[in-house]
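Residues take their numbers from the sequence shown, with the count starting at 1. None of the values given here were measured: they were computed from a predicted structure.
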Amino acid sequence: MVRYTEPLLRPEDDPLAASAEADVAVADILERPPQPAAHSPQSPIVDSSEPSLRDHAELTKKILTFASALLCCICGGSIMLFSLYAPQFQTHLGYTQVQVNVLSILGEAGMYLTTPIVGITADVYGSAFLAFLAAIFFGLAYGLAAWAYASILPYPAMMVAFLFIGGGTACIYFGSITACAKTFSSNRGLALGLPITAYGLSSLWQSQIVAQFFTDKETGDVYVPQLFTFFALFLAAVGLTATFGYRNGYRPENTAIPATAKSASAQSLRSGSQKSTDDEESPLLNDTNSLNSEAISMHPTGMDDAGSSISNSIADDFDDQPIATTRKQMVLEFVQDITAWGLALGLFTTTGPGEMFLNNMGSIIRALGKPGPSASTNVAIISFSSSAMRIIAGIASDQIATRGPKYSRMWVLLFFTAVLAFGHWFVGLGGLEIENGSWFWVVSATLGAGYGAVFTLAPTLVSLVWGAERFGTNWGVLFVFPAVGSIVYELIYAGIYDHYSDNSRLCYGLQCYQTTFLITGSSCLFALLVFTLVWLLGWKRRSGVSV
């Protein structure tokens, strides 16, 4: 008998084994069931060119969608320049500080209070429709504002203009982040962080445009009508360009679902409760009221492997289970979650004070006395620090949640909430030097960083906790609370400012703003407590994993 010390054919030399391994590798990349070995008698040889072309076209559409989102965000933050020209509403138009703040509040209301409707619109009609609405709103609203300022029209004309400027901002911003949330299923913090960072950067370059081309070099006054006319034309063009980009970009609902993928989706739902808790794409709150959240655990875009709505396979295999089929039911289910209210309260007490500072920075600088810091320079500092922390917070949250020893994203949120509290208390305790405001850049950098990071982490948490399928609707509901917070804190600031103002309706000295910042600093400390309770007593206890 002949004995062989080595196999006649080593495994690595076996063409059938190598082919099977290659098919498995490709299947892993494309997230589709592996095909049998290329020369297996069970199936004919499959031409792989068609999937390759389809994947290339899909990638191209995703790039177009992402480019459109970045374009909208990098150009859509014009409302953050309010503090540059707000003082001239007092000197040129004779508005009181309360009237100036009401314009700011209307802009915030148009941006935030409309977001439940804007979010539902994003989920139902898509980002292209929102970009088109933004083009219309910006063109008409900034045109009306330029006319109202130049011709000194009655105050309500300017009120209407800023209300629709806020609405245009909501459309262009929400369309962008909703498109990214539904297009990219992995590295969610980075996928949302980049467009949100671009939005923060918009005020950086726009403030420099204002300083170079729309500001009187001798007096420092802004040419307001010319600036508003520029924004009317420029932002309308951006909105129309993005409309084209979104319509020709990635839209997963357009493709059909094959039987194999459909059965695979159903199988994934059956085993959804047994999924590893380390999967960061799984919604954390898989309650019994809706199976959509389990579907999203495999496909955060709400679509299966071939792109069709996964609710089809749910209906086939789980007819006896209740499914949230209407937006009204989704909203009701969301607002019945106590942790959603906790997150909303935390946003109210952090982003509200942040909006108050951004919109009143000009009057705060003027209250310091002369020589004071440059308003345009500090807008740039806020924009840069906010943008930097948006991208850093997004990357950091992804890294600590998915790499090495995993930690919760909530640690990042709590850290930046503490940064916000420090910035507000620094001002409230007299940290600014009244004579020259030499420490003002510290306040701008600190509050800009905290504000930007919170606004990046909050939507990331929403997409992870409740799933990306409902992201537009859920984040739209939560987005109302920064607006309400902005209204409350800006009215507090305006009331205190007007109380200490002189006959010219201007105020100088620490008393103009100190009490306001003591209140906002306390609010941020309260938000620290609220976020901690939501995390430890809500999400962590109910889901058993960290967000």
Side-chain angles (χ1 to χ4, degrees), residues 68-82 84-86 89 102-150 153 155-179 195-196 198-199 202-203 206 209-210 224-247 355 358-359 472-473 475-476 479-480 482-483 486-487:
S68 300
L70 289 180
L71 173 66
C72 287
C73 286
I74 198 67
C75 299
S78 63
I79 198 170
M80 291 189 289
L81 302 179
F82 183 84
L84 292 182
Y85 50 79
F89 287 146
V102 166
L103 294 180
S104 172
I105 288 169
L106 287 172
E108 302 296 337
M111 180 177 178
Y112 292 123
L113 296 183
T114 59
T115 51
I117 298 175
V118 173
I120 293 173
T121 303
D123 286 341
V124 176
Y125 296 104
S127 298
F129 183 69
L130 287 182
F132 182 71
L133 284 181
I136 296 174
F137 288 167
F138 278 133
L140 295 178
Y142 271 117
L144 176 59
W147 181 31
Y149 188 96
L153 297 181
Y155 181 68
M158 194 68 78
M159 295 173 65
V160 172
F162 273 89
L163 181 64
F164 279 92
I165 289 172
T169 305
C171 290
I172 205 167
Y173 175 81
F174 237 85
S176 301
I177 63 171
T178 301
I196 294 174
Y199 179 78
S202 63
S203 61
Q206 288 173 356
I209 293 294
V210 173
V224 178
Q226 293 87 334
L227 177 63
F228 286 169
T229 302
F230 166 74
F231 279 138
L233 299 175
F234 174 70
L235 294 176
V238 169
L240 294 177
T241 302
T243 302
F244 173 82
Y246 288 137
R247 285 191 62 82
E355 296 281 358
L358 291 175
N359 293 323
T473 301
W475 183 230
F479 219 58
V480 171
S486 174
I487 292 171

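Taking Met158 as the reference, Phe89, Leu93, Tyr95, Leu103, Ala145, Ala148, Tyr149, Phe162 meet the side-chain contact (heavy atoms from CB on, under 4.5 Å) condition, with sequence neighbours excluded. Residues satisfying the side-chain contact (heavy atoms from CB on, under 4.5 Å) test with Phe132, not counting sequence neighbours, are Ile136, Leu240, Thr243. By the side-chain hydrogen bond (donor to acceptor under 3.5 Å, both in side chains) test, Tyr85 is found to be paired with no residue, residues two or more places apart in sequence or in another chain being considered. Thr178 meets the side-chain hydrogen bond (donor to acceptor under 3.5 Å, both in side chains) test with no other residue; sequence neighbours excluded. Judged as a side-chain contact (heavy atoms from CB on, under 4.5 Å), and not counting sequence neighbours, the contacts of Ala146 are Phe228, Thr229. Not counting sequence neighbours, the partners of Ser176 by the side-chain contact (heavy atoms from CB on, under 4.5 Å) test are Ala69, Cys72, Cys73, Tyr246. Looking at residues two or more places apart in sequence or on another chain, you find no ring pair (Phe, Tyr, Trp, His ring centres under 6.0 Å) involving Phe138. Listed by chain and residue number, Phe164 satisfy the ring pair (Phe, Tyr, Trp, His ring centres under 6.0 Å) test with Phe137 (two or more places apart in sequence, or in another chain). For Thr169, there are no side-chain hydrogen bond (donor to acceptor under 3.5 Å, both in side chains) partners two or more places apart in sequence or in a different chain. Not a single side-chain hydrogen bond (donor to acceptor under 3.5 Å, both in side chains) links Gln206 to another residue, sequence neighbours left out.
When all heavy atoms of Cys75 and Ser202 are compared, the pair lying nearest together is N-CB, 4.1 Å. The minimum heavy-atom distance between Val118 and Cys171, with the atom names listed, is CG1-CA, 4.3 Å. Between Ile74 and Leu71, the shortest heavy-atom distance links the atoms CG2-O, 3.2 Å. Closest approach of Asn359 to Ile79, counting heavy atoms only: OD1-O, 4.4 Å. Residues Ala122 and Leu130 share a closest heavy-atom pair of CB-CD1, 3.6 Å. Nearest heavy atoms, Gly245 versus Ser68: CA-OG, 3.3 Å.
More than 12 heavy atoms of other residues, nucleotides or ligands lie within 6.0 Å of CD1 in Ile209, so this atom counts as buried by the packing criterion.
Pairs engaging residues 128-144 under the side chain to side chain donor-acceptor pair (under 3.5 Å) rule: Ser78-Tyr142 [sequence neighbours left out].
Side-chain contact between Tyr199 and Ile177 is absent, with no heavy atoms from C-beta onward closer than 4.5 Å.
Going from atom CD1 of Ile105 over to atom CE of Met159 covers 10.0 Å, rounded to the nearest 0.5 Å. Distance check: Phe82 CZ to Glu108 CD gives 9.0 Å after rounding to the nearest 0.5 Å. Here the CG-CG distance, from Leu163 to Leu144, works out to 11.0 Å after rounding to the nearest 0.5 Å. To the nearest 0.5 angstrom, Leu133 atom CG is 7.5 Å from Thr121 atom OG1.
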